[in-house]
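A short worksheet on the structure shown next.
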Amino acid sequence: MLQVNVLRNNPQWVKERLAVKHFKQLELVDEIIVLDDERKRIQSDYDNTQSKINTASKEIGKLMAQRKKDEAEELKNQVAGFKIQVNDYNALLIGNLKVLTDKIVLLPNLPSTLVPIGKTPEENVVTKQSEINIALPSNAKPHWDLIKQHDIVDFELGAKITGSGFPVYKGKGARLQRALIEYFLQFNTAAGYTEFIPPFMVNEASAFATGQLPDKEGQMYHATEDNFYLIPTAEVPVTNIYRDTILKETELPIKMTAYSPCFRREAGSFGKDVRGLNRVHQFEKIEIIQIVHPDKSYGVLDEMVAHVEKLVQSLELPYRILRLCGGDMSFASALTYDFEVYSAAQERWLEVSSVSNFENFQTNRMKCRFKDVNGKMQLAHSLNGSSLALPRIFAALIENNQTENGINIPKVLQPYFGADSI
RNA sequence: GGUGAGGUGGGUGAGUGGCUAAAACCAGUAGUUUGCUAAACUGCCGUACGGGUCAAACUGUACCGAGGGUUCGAAUCCCUCCCUCACCGCCA
């Protein structure tokens, strides 16, 4: 959530930034400022009247003690009048605040000046690309055929148990999945990230804090009986560890990592994008999250990108890094880098990681602050990235490493997998 | 699911209608003093939104799990909800 003061200080600039994200309702900016002016006025009236009541009440107490009943009664009558006013102001204030928050919550985060102008994924900027040197056998298959051939992932079975998009990993497939999880966590903790196993369902407040609500309500599975949401990413529960928290500056940066299954309804998706493991309703992901000093967040973003890059490199997968354009960025992000790996059999790039700096957009919603050296309260910055999402890594690994005789396992995974091939 | 207890500031924990933003202690912090790997003493030490100021000082309001209610006045009384703990039941 943006801070009202940011809008007040430079409404024109805010509108320009919002336009980069192709946000249409720019009039909201001015509306919010007007509402905030009103808010201050009403608040002031309310405070002043309430102050009169408080003063009178104390006076009444004294008069009662002095047994001056008549004077006390007279004051009570006055207070009754003030109370009517206070109630009116209060009603106005509540109404005002409701409209104000409803509107400000609609504003996406402002994109950083590094964000490329553009609307569609085609306008993302490739900042780095590795070589693509995959030699596939002549009878190379896409992963949805390979998994059947080797009987390592079963979609039909998942569809029977739950529904489409809930794959069942089996035998060596399950083992490879577990090896990846173990390896990724190991890689992250070795870099100083503390491991967490969070709840896989969150309440409304948590889903709101990281920006999933109200923006992506329909994308999450909702357990209505208890009003819990199945997490779409570990980012939600793990970032919320620091909701309503005041940190010491010396506690920053905070580095966390977590494995979790991720649940996404993916309403409206169709076509080749959803084939096989490319897009599913339940998948595994390891996330890295940092909470940092505002001055450091862009340096940390680079550091996290470098971290994920090393991890992808270690898997020996061709990859590229994209800086997302304004139109392709998420609601809460100020700057996002996506990682894609090349799937040789599908002849396409698959997104496997998204690393973002949210600046204080999430922390403002979450009230995650710290006291700086001058004793001033400041919002921290939050960042997160996938390190990594499993299904597409799984898909690219088996496609790119297929041979006439089976599937080779990359060296770094062999100790975790317990064999060098499938 | 049942029964009981309870939710107060970073922590422990007082406070049962006005003198309480809230004792005391611990932690933290600034300093004084002695000087020997530390102790003693003193000050400061909640958050949010306003006013005020270059910035402070200062000042108004709200907040003692959340939301309602009673009252001139509520941390304190009443109602609803949430959560935590203990025991029982059930269970991986």
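All figures in this text were calculated on a predicted structure; none of them were measured in a lab. Chain letters run A, B, ... following the sequence lines, proteins first and then strands; every chain starts at 1. All values below come from the heavy atoms of this structure, side chains included, with hydrogens, waters and symmetry mates left out.
For K98(A) and G67(B), the NZ to P distance is 16 Å, given to the nearest whole Å. The distance from atom CG of D244(A) to atom C1' of G46(B) is 14 Å, rounded to the nearest whole Å. Look at CG on N54(A): it is 16 Å from P on U59(B), rounded to the nearest Å. Rounded to an integer number of Å, the gap from CG of N96(A) to P of C49(B) is 15 Å. Note: CG (N87(A)) to P (U61(B)) measures 17 Å, nearest angstrom. A straight line from CD1 of I246(A) to C1' of G11(B) spans 15 Å, rounded to a whole angstrom. Spacing between atom NZ of K248(A) and atom P of C45(B) amounts to 18 Å, rounded to whole angstrom units. With rounding to whole Å, Q43(A) atom CD is found 10 Å from C49(B) atom P.
Contact check, K367(A) against A48(B): no side-chain N or O comes under 4.0 Å of OP1 or OP2. Residue R41(A) has no polar side-chain atom (N or O) positioned under 4.0 Å from OP1 or OP2 of G50(B). Listed pair R369(A) / A48(B) meets the phosphate criterion, a side-chain N or O lying under 4.0 Å from OP1 or OP2. Using a 4.0 Å cut-off, no side-chain N or O of Q50(A) falls inside it from OP1 or OP2 of G60(B). Remark: S44(A) is not in phosphate contact with G50(B), judged by side-chain N or O atoms under 4.0 Å from OP1 or OP2.
Salt bridge absent: E38(A) and R41(A) never bring a charged side-chain N and a carboxylate O closer than 4.0 Å. Ion pairing between a basic and an acidic side chain is recognised when a charged N comes within 4.0 Å of a carboxylate O; R39(A) and D36(A) show such pairing. At a threshold of 4.0 Å, the pair D45(A)-K40(A) does not count as salt-bridged, since none of the basic side-chain nitrogens sits closer than that to a carboxylate oxygen.
Below 30°, between 30° and 60°, or above 60°: for Y221(A) and F263(A) the angle between ring planes is above 60°, a perpendicular geometry.
Between the side chains of Q313(A) and Y319(A), at least one donor-acceptor pair of N or O atoms lies under 3.5 Å.
In this structure, of C72(B), G60(B), A56(B), it is G60(B) that holds the atom nearest to the side chain of S51(A). Nearest to the side-chain atoms of K40(A) among the listed nucleotides G50(B), A48(B), U61(B) stands G50(B).
When Watson-Crick and G-U wobble pairs are counted only if both distances are under 3.5 Å, C63(B) pairs with G46(B). Pairing for U12(B) is with A24(B), a Watson-Crick or G-U wobble pair whose two hydrogen-bonding atom distances lie under 3.5 Å. A55(B): no Watson-Crick or G-U partner with both key distances under 3.5 Å is found in any strand. Here C85(B) sits opposite G4(B) as a Watson-Crick or G-U wobble pair (both hydrogen-bonding atom distances under 3.5 Å). Pairing of C19(B), defined by two Watson-Crick or G-U wobble distances under 3.5 Å, is not identified with any nucleotide. Under the Watson-Crick or G-U wobble criterion, with both distances below 3.5 Å, A40(B) is paired with U32(B).
U32(B) and G13(B) have their P atoms separated by 36 Å, with the value rounded to a whole Å. When the P atom is used for both C81(B) and U29(B), the distance is 45 Å, rounded to whole Å. Comparing A48(B) with G10(B), their P atoms are spaced 12 Å from each other, to the whole Å. Nucleotides U59(B) and C45(B) have their P atoms positioned 13 Å apart, rounded to a whole Å. Comparing the C1' positions of C90(B) and U47(B) gives an interatomic distance of 43 Å, to the nearest angstrom. The same atom, C1', is picked in G9(B) and in G46(B); the two are 6 Å apart, to the nearest Å. U80(B) and C91(B) have their C1' atoms separated by 31 Å, given to the nearest Å. Nucleotides A56(B) and G65(B), compared at atom P, are 32 Å apart to the nearest Å.
Note on K371(A): only backbone sugar-phosphate atoms sit closer than 4.0 angstrom, heavy atoms only; bases stay farther off.
Heavy-atom contacts from other residues, nucleotides or ligands closer than 6.0 Å to CG of D70(A) number 12 or fewer.
When each of K52(A) and A80(A) is assigned the nucleotide of RNA chain B bearing its nearest heavy atom, the one mapping closer to the 5' terminus is K52(A). Across the interface with RNA chain B, nearest-nucleotide mapping of D47(A) and I94(A) shows D47(A) to be the residue nearer the 5′ end.
Residues V20(A) and I117(A) meet the side-chain proximity criterion, which asks for heavy atoms closer than 4.5 Å.
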